[in-house]
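A quick write-up on the structure given underneath.
No hydrogens, no waters, no symmetry mates; every other heavy atom, side chains included, goes into these values.
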Amino acid sequence: MRVLILLLLAACALAGLQTWRIGGLTEKADQAQRIIGTLSAGIESRDAAINRLSDDALRRERQEQSLRAQLSQAGQLARDREVHIQRLLNENQEMRDWYGTRLPDGIGRMHSRPTFASAADYLRWLSGGNQLPDTGKLTGH
C-alpha cells in the first residue's frame with residue numbers, strides 16, 4: 001500500500017510538472033505568435049513600399065519617354081526652322097544683308113547680360129555689387 005501511495009504521489013508530481021511545462025510552452029507559443037504577427041506586419045509594410053516605389057519608377061519612366069519624344073519633336077522643329085531660314089537667306093539678297101548686319105548697341109548689351117539658373121543665383125550675383133547694364137540708353141544716338 002505504501003508503494004502504491006508513493007507511486008500515486010509520484011504520478012501527481014509528474015502531472016504537476018507536465019502542467020507547469022505545458023504552461024511555459026503555451027506562454028512561449030503566444031510570444032512566438034506575437035513575434036510572427038509583428039514580422040508579418042513588417043513584411044506587408046515592406047511589400048507596400050516596394051510596390052509604391054515600383055509604381056513611381058514606372059510613372060517616371062513613362063514621363064521620361066514623353067519628355068524624350070517632346071525633345072525629339074522640338075529638335076525636329078528647330079532643324080526645320082533652320083532649313084527654312086537658310087532657304088530664305090539663299091533666296092533673298094536683302095534678307096542676307098539684314099541677317100549679316102550688327103545688332104544695335106542696346107540690343108547687344110541686352111544679350112550680354114549674365115544668365116542665371118535660379119533666383120538664388122541672381123540674388124547672389126546682385127549681392128556681389130554687380131549691376132545689370134542699362135539697356136534703355138543707346139550709345140551714339
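For Gln86 and Glu82, the side-chain atoms include at least one donor-acceptor pair closer than 3.5 Å.
Atom-to-atom distance recorded for Leu53:CG and Leu58:CG is 12.5 Å, nearest 0.5 angstrom. Rounded to the nearest 0.5 Å, atoms CG (Asn90) and CD1 (Ile85) are 12.0 Å apart. Put simply, CD on Gln70 and CG on Leu77 are 11.5 Å apart, with the number rounded to the nearest 0.5 Å. Note that OG of Ser40 is 10.5 Å distant from CG of Asp47, once rounded to the nearest 0.5 Å. Interatomic distance, Leu6 CG to Met1 CE, rounded to the nearest 0.5 Å: 11.5 Å. Considering CG of Leu9 and CG of Leu4, their distance stands at 10.0 Å, rounded to 0.5 Å.
With sequence neighbours excluded, the residues forming a side-chain contact (heavy atoms from CB on, under 4.5 Å) with Gln76 are Arg79, Asp80, listed by chain and number.
Connectivity analysis of hydrophobic side chains (ILVMFWY, heavy atoms under 4.5 Å, direct or indirect) links Val3 to Leu7.
At a threshold of 4.5 Å between side-chain heavy atoms, the hydrophobic network of Ile, Leu, Val, Met, Phe, Trp and Tyr places Trp98 and Leu89 in one connected group.
The 12-atom threshold is exceeded at CD of Gln93, counting heavy atoms of other residues, nucleotides or ligands nearer than 6.0 Å.
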Yes or no on side-chain contact (heavy atoms from CB on, under 4.5 Å) for Arg46 and Ile50, after CA distance, side-chain angles and deciding distance?
CA-CA 6 Å; Arg46 184 209 60 202; Ile50 288 171; 3.9 Å; yes
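Without hydrogens or angle criteria, Thr19 side chain to Ala15 main chain gives a donor-acceptor distance under 3.5 Å.
Within the structure, every pair that satisfies the salt bridge (charged side-chain N to carboxylate O under 4.0 Å, His left out) test and touches residues 53-64, not counting sequence neighbours, is listed here: Asp56-Arg59, Glu64-Arg68.
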